[in-house]
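Scroll down for the structure; my scribbles are underneath it.
Note that the numbering runs from 1 along the sequence shown for the chain.
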Amino acid sequence: MVITEWAEDDRPREKLELHGPSALSNAELLAILIGSGKKNMTAVDLMKHVMSDCAGSLNALGKKTIEELCEYPGIGKAKAITILAACELGRRRQLSAHSEERDAILSSKDIYNTMQPILRDKTVEEVWALYLNNSGSILKKSLISTGGITHAVADVRPILKQAVLTNATGIVLCHNHPSGRVRPSGADNAITKQLRGAAELLDMRLIDHVIVAENGYYSYSDDGCL
């Protein structure tokens, strides 16, 4: 049975119009975007199949490439691009909401909530610095370096240069672990120690170094290592 033969309350577009977007499943919302399925499979069933392969996770869906999505019969390049565009809009909405709701960094959880939308889909390590004023408000977020799957090099000099230029009194270092492991490496410990000492010479404070993974984070400050 094609979607047009379904009961009106069950058709994704009509269901959204009648009950609002929150009444639809992820597969139904995605089905509206792609518009059609394939022979013997509706758009909803096709997206249920894709979401099943992603263990129901929109985060996992957003990490797929155009080529990977095009491997599903019924999904061409245009549909794949539409799906990834929707995932990116969701990520940006979450990031925008965090920016609007949070005026100051008061805890490691605030740091995680600020940076997780930026780092969660990255397949390589990225090192970021947050520059704060005396009240903990973020003056600037800056990408310091991008590396490989297991390592990104952080140089203390550009971090401190940006801190001086923004008149920051506090610095937060943050990077991701694409592997999913949150425990710091020896290199992580070394850059933390180096940056803390260099910041103190300029009358600044390294407030925290947070490692972001897909399902959690590690805070040097919370662990008593700063």
Side-chain angles (χ1 to χ4, degrees), residues 1-101 112-126 128 143 146-152 175-182 211-217:
M1 182 181 293
V2 297
I3 288 178
T4 54
E5 296 174 341
W6 293 7
E8 188 170 299
D9 278 359
D10 292 332
R11 300 177 203 164
R13 287 187 177 86
E14 287 79 359
K15 187 175 180 181
L16 189 149
E17 184 178 2
L18 290 169
H19 305 294
S22 62
L24 278 68
S25 67
N26 290 338
E28 289 172 324
L29 290 170
L30 290 163
I32 291 175
L33 294 176
I34 66 171
S36 62
K38 67 184 187 72
K39 187 176 181 181
N40 298 324
M41 183 177 282
T42 67
V44 174
D45 290 331
L46 175 56
M47 292 316 305
K48 282 182 178 179
H49 176 50
V50 175
M51 290 303 298
S52 176
D53 287 349
C54 296
S57 169
L58 289 173
N59 187 33
L61 178 66
K63 291 181 179 180
K64 285 188 175 293
T65 64
I66 293 172
E67 292 73 20
E68 287 173 335
L69 288 172
C70 286
E71 291 177 2
Y72 291 91
I75 296 181
K77 184 176 288 187
K79 289 180 180 179
I81 290 172
T82 299
I83 291 168
L84 294 183
C87 290
E88 177 61 16
L89 280 173
R91 186 190 72 85
R92 293 186 187 186
R93 181 184 179 188
Q94 183 182 5
L95 184 59
S96 176
H98 286 314
S99 298
E100 292 171 0
E101 294 170 2
Y112 174 75
N113 287 337
T114 297
M115 295 304 301
Q116 193 261 357
I118 296 174
L119 295 171
R120 68 182 181 190
D121 292 336
K122 304 297 182 181
T123 57
V124 298
E125 278 200 13
E126 289 187 358
W128 287 72
L143 175 61
T146 301
I149 295 175
T150 60
H151 186 60
H175 77 281
N176 61 314
H177 277 180
S179 66
R181 299 179 62 184
V182 297
I211 299 170
V212 174
E214 185 169 350
N215 296 312
Y217 69 95

Lys77 atom NZ: more than 12 heavy-atom contacts under 6.0 Å: no

Does NZ belonging to Lys63 count more than 12 external heavy atoms closer than 6.0 Å?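 More than 12 heavy atoms, drawn from other residues, nucleotides or ligands, come within 6.0 Å of this atom.
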
Flag side-chain contact, heavy atom, 4.5 Å: [X] against [Y]:
X	Y	result
Lys64	Cys87	no
Val50	Leu30	no
His177	Glu125	yes
His175	Ile211	yes

With distance as the sole test, does Lys79 use its side chain to make a donor-acceptor pair with the main-chain N or O of Gly35 at under 3.5 Å?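 No; judged by distance alone, with no hydrogens or angles, the pair does not exist.
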
Got a donor-acceptor contact below 3.5 angstrom from the Ser52 side chain to the Lys48 backbone? no

If the test is side chain to side chain contact (heavy atoms under 4.5 Å, CB included), which one of Leu119, Thr123, Val182 qualifies with Asn176?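 One option only clears the test, and that one is Leu119.
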
Identify all side-chain donor-acceptor contacts of residues 68-76 below 3.5 Å with residues at least two apart in sequence or on another chain.
from, atom 1, to, atom 2, distance (Å)
Glu68, OE1, Thr65, N, 3.0
Tyr72, OH, Asp53, OD2, 2.7

Please walk me through it: do Ile81 and Ile66 pass side-chain contact (heavy atoms from CB on, under 4.5 Å)? CA-CA 6 Å; Ile81 290 172; Ile66 293 172; 3.7 Å; yes

Which heavy-atom pair separates [X] from [Y] by the least distance, and what is that distance?
X	Y	value
Met47	Ala27	CB-O, 3.6 Å
Glu126	Thr146	CG-OG1, 3.8 Å
Leu46	Ile34	CD2-CD1, 4.0 Å
Tyr112	Gly216	CE1-O, 3.6 Å
Asp45	Met41	CB-CG, 3.6 Å
Leu143	Trp128	CD1-NE1, 3.3 Å

Dump the intermediate steps for side-chain contact (heavy atoms from CB on, under 4.5 Å) on Leu29 and Leu16, then the final yes or no. CA-CA 9 Å; Leu29 290 170; Leu16 189 149; 4.1 Å; yes

Go through the structure and list residues passing salt bridge (charged side-chain N to carboxylate O under 4.0 Å, His left out) with Glu88, not counting sequence neighbours.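 Residues passing salt bridge (charged side-chain N to carboxylate O under 4.0 Å, His left out) with Glu88: Arg91, Arg92.
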
Say you draw a straight line from CG of Leu61 to OG of Ser57; how long is it, rounded to the nearest 0.5 Å?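 Spacing of CG (Leu61) from OG (Ser57) equals 8.0 Å.
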
Could you check Met51 against Leu58 for side-chain contact (heavy atoms from CB on, under 4.5 Å), going step by step and ending with a plain yes or no? CA-CA 8 Å; Met51 290 303 298; Leu58 289 173; 3.9 Å; yes

